[in-house]
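Owing to the predicted nature of the structure, the values given are computational and were not obtained by experimental measurement. Only this structure's heavy atoms are used, side chains among them; waters, hydrogens and symmetry mates stay out.
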Amino acid sequence: MLSLNFTQFPVLETERLILREHNLLDAEALYAMRTDERIMKYIDRERPEDVHAVKTVITRFNEGFENGNNLAWVIALKEKPAEMIGTVGYWQTDYANHRAEIGYMLHPNFWRQGIISEALKKTIDFGFNNMNLHTIKANINTGNEASRQILLKHGFIKEALFRQDYYFRGKFLDSEIYGLINPNH
């Protein structure tokens with residue numbers, strides 16, 4: 001059975017990272033990331049108006065965890081666990097088909113250091129081994145070569161190209177869908 005119903009938020013650790021629950025103290029860092037055009041270049045989502053709007057997002061993340069709808073982690077370095085440098089998590093959980101969509105973002109100061117790869121490896125393992133996911137999917141903007149390469153590196157396979165399926169800021173955009181099947185199923 002697919003389950004996101006954990007008695008407490010699952011904190012994960014890797015060699016360099018701690019993946020922890022969002023809290024309202026992360027609002028400033030998350031606001032900075034969600035309004036940084038370097039980060040948001042390929043994330044086709046409206047930018048938050050202010051820090052208060054981001055606090056609402058954080059509350060929704062935590063409620064989503066409590067309701068079993070999503071599981072979103074803050075990425076932090078072990079030596080600075082309170083300092084958010086990115087996010088990774090599962091969204092759009094499809095219980096009937098044991099699928100969830102993974103998403104991630106990272107502050108540019110930490111790009112090209114293997115951090116997303118390290119966080120993805122841990123969250124993919126958690127998704128398959130602890131959540132009992134059969135398939136993890138990812139939806140990327142077709143221009144996002146860095147995201148495409150990280151997904152391919154972790155064994156994802158391109159499943160689909162949806163042409164002009166998403167309307168954002170007055171344009172129809174293409175989407176690429178990648179999937180990774182649990183090797184234990």
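Counting heavy atoms from C-beta on, the side chains of Gln164 and Lys171 never come closer than 4.5 Å. Between Pro108 and Ile39 the shortest side-chain heavy-atom distance falls below 4.5 Å. With contacts defined as side-chain heavy-atom distances shorter than 4.5 Å, the pair Ile136/Phe128 qualifies. Residues Asn130 and Pro10 form no side-chain contact, since every pair of their non-hydrogen atoms from C-beta on lies 4.5 Å or further apart.
Connection of Met33 to Phe110 is established within a shared hydrophobic cluster, with ILVMFWY side chains joined at heavy-atom distances below 4.5 Å, either directly or through further cluster members. In the hydrophobic cluster analysis, where Ile, Leu, Val, Met, Phe, Trp and Tyr join through side-chain heavy atoms closer than 4.5 angstrom, Val57 is grouped together with Val51. Hydrophobic clustering (ILVMFWY, side-chain heavy atoms < 4.5 Å, transitive): Leu12 and Leu77 are in one cluster. By the rule that hydrophobic residues join a cluster once side-chain heavy atoms approach within less than 4.5 Å of another member, Leu25 and Leu19 end up as members of separate clusters. Note: the hydrophobic cluster containing Phe162 does not contain Ile102 (ILVMFWY, side chain heavy atoms under 4.5 Å, direct or indirect links).
Using modelled atom types and a 3.5 Å distance limit, the side chains of Asn132 and His185 yield a donor-acceptor pair. Side chains of Asn69 and Thr93: no donor on one and acceptor on the other come within 3.5 Å. Thr14 and Glu118 share a side-chain donor-acceptor pair at under 3.5 Å. Under the 3.5 Å distance criterion, with hydrogens and angles disregarded, no donor-acceptor pair is assigned to the side chains of Tyr104 and Thr123. Between the side chains of Ser117 and Lys153, at least one donor N or O lies within less than 3.5 Å of an accepting N or O. Checked by atom type, the side-chain pair Asn97/Asp94 shows a donor-acceptor distance below 3.5 Å.
Side chain of Asp26 to main chain of Asn23: a donor-acceptor pair is present (N/O by atom type, distance under 3.5 Å, no hydrogens or angles). The main-chain N or O of Glu63 is found under 3.5 Å from a side-chain atom of Asn67 such that the two form a donor-acceptor pair. A donor-acceptor pair under 3.5 Å is absent between the side-chain atoms of Asn70 and the main chain of Tyr90, judged by distance alone. When atom types are taken as modelled, the side chain of Arg163 and the backbone of Leu173 share no donor-acceptor pair closer than 3.5 angstrom. Arg99 places no side-chain N or O within 3.5 Å of a backbone atom of Lys137 that could act as its donor or acceptor partner. Between the side chain of Trp73 and the main chain of Ile18, no donor-acceptor pair closer than 3.5 Å is present. In terms of modelled atom types and a separation under 3.5 Å, the side chain of Asn182 and the main chain of Thr135 share no donor-acceptor contact. Formation of a donor-acceptor pair under 3.5 Å by the Arg16 side chain with backbone atoms of Ala76 is not found in this model.
Rounded to the nearest 0.5 Å, atoms CZ (Phe9) and CD (Glu66) are 11.0 Å apart. The line from CG of Leu133 to CD1 of Ile181 is 12.5 Å long, rounded to the nearest 0.5 Å. Of the inter-residue distances, the one linking Lys41 atom NZ with Asn141 atom CG reads 9.5 Å to the nearest 0.5 angstrom. Put simply, CG on Leu151 and CD1 on Ile124 are 8.0 Å apart, with the number rounded to the nearest 0.5 Å. With rounding to the nearest 0.5 Å, the separation of CZ in Arg148 from CD1 in Ile150 is 13.5 Å. Atom CD1 in Ile116 sits 9.0 Å away from atom CG in Leu17 (nearest 0.5 Å).
Annotation: Glu49, atom CD; neighbour count of heavy atoms from other residues, nucleotides and ligands within 6.0 Å does not exceed 12. Within a 6.0 Å sphere centred on CD of Gln149, heavy atoms belonging to other residues, nucleotides or ligands number more than 12. Around CD of Glu15, the count of heavy atoms belonging to other residues, nucleotides or ligands within 6.0 Å does not exceed 12. Annotation for Glu28: atom CD does not count as buried by contact number, only 12 or fewer foreign heavy atoms lying within 6.0 Å.
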Pair Asn139, Glu176 - check side chain to side chain contact (heavy atoms under 4.5 Å, CB included), show working. CA-CA 6 Å; Asn139 181 340; Glu176 282 184 26; over 6 Å; no
Can you list the steps and then say if Leu152 with Ile157 is a side chain to side chain contact (heavy atoms under 4.5 Å, CB included)? CA-CA 7 Å; Leu152 293 172; Ile157 294 171; over 6 Å; no
Could you go step by step and tell me if Met105 and Ile43 meet the side chain to side chain contact (heavy atoms under 4.5 Å, CB included) rule? CA-CA 9 Å; Met105 72 172 158; Ile43 300 175; 4.0 Å; yes
Leu30 vs Phe61, test: side chain to side chain contact (heavy atoms under 4.5 Å, CB included). Steps then yes/no. CA-CA 12 Å; Leu30 187 56; Phe61 285 164; 4.2 Å; yes
Go through Asp174 and Thr142 one step at a time and tell me if the side chain to side chain donor-acceptor pair (under 3.5 Å) criterion holds. CA-CA 6 Å; Asp174 296 343; Thr142 57; 4.7 Å; no
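Closest non-hydrogen pair, Arg45 versus Arg34, comes out as NH1-NH2, 3.2 Å. Across every non-hydrogen atom of Tyr31 and Pro48, the tightest pair is CE1-O, 3.6 Å. When all heavy atoms of Ala138 and Glu101 are compared, the closest pair comes out as CA-CG, 4.4 Å. Residue His22 comes nearest to Ala72 through the heavy atom pair ND1-O, 3.4 Å, listed as atom of the first residue, atom of the second, then distance. In this structure, Glu21 and Phe65 approach most closely via the heavy-atom pair OE2-CD2, 4.4 Å. Summarising the geometry of Leu71 relative to Phe126, their closest heavy-atom pair is CD2-CE2, 3.6 Å, with the distance given to 0.1 Å.
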Which side-chain N or O atoms in residues 80-88 pair as donor and acceptor under 3.5 Å with protein atoms at least two apart or in another chain?
none

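The aromatic ring centroids of Phe172 and Tyr166 lie 6.0 Å or more from each other.
Contacts classified as ring pair (Phe, Tyr, Trp, His ring centres under 6.0 Å) and involving residues 34-59 (residues at least two apart or in different chains) are not found.
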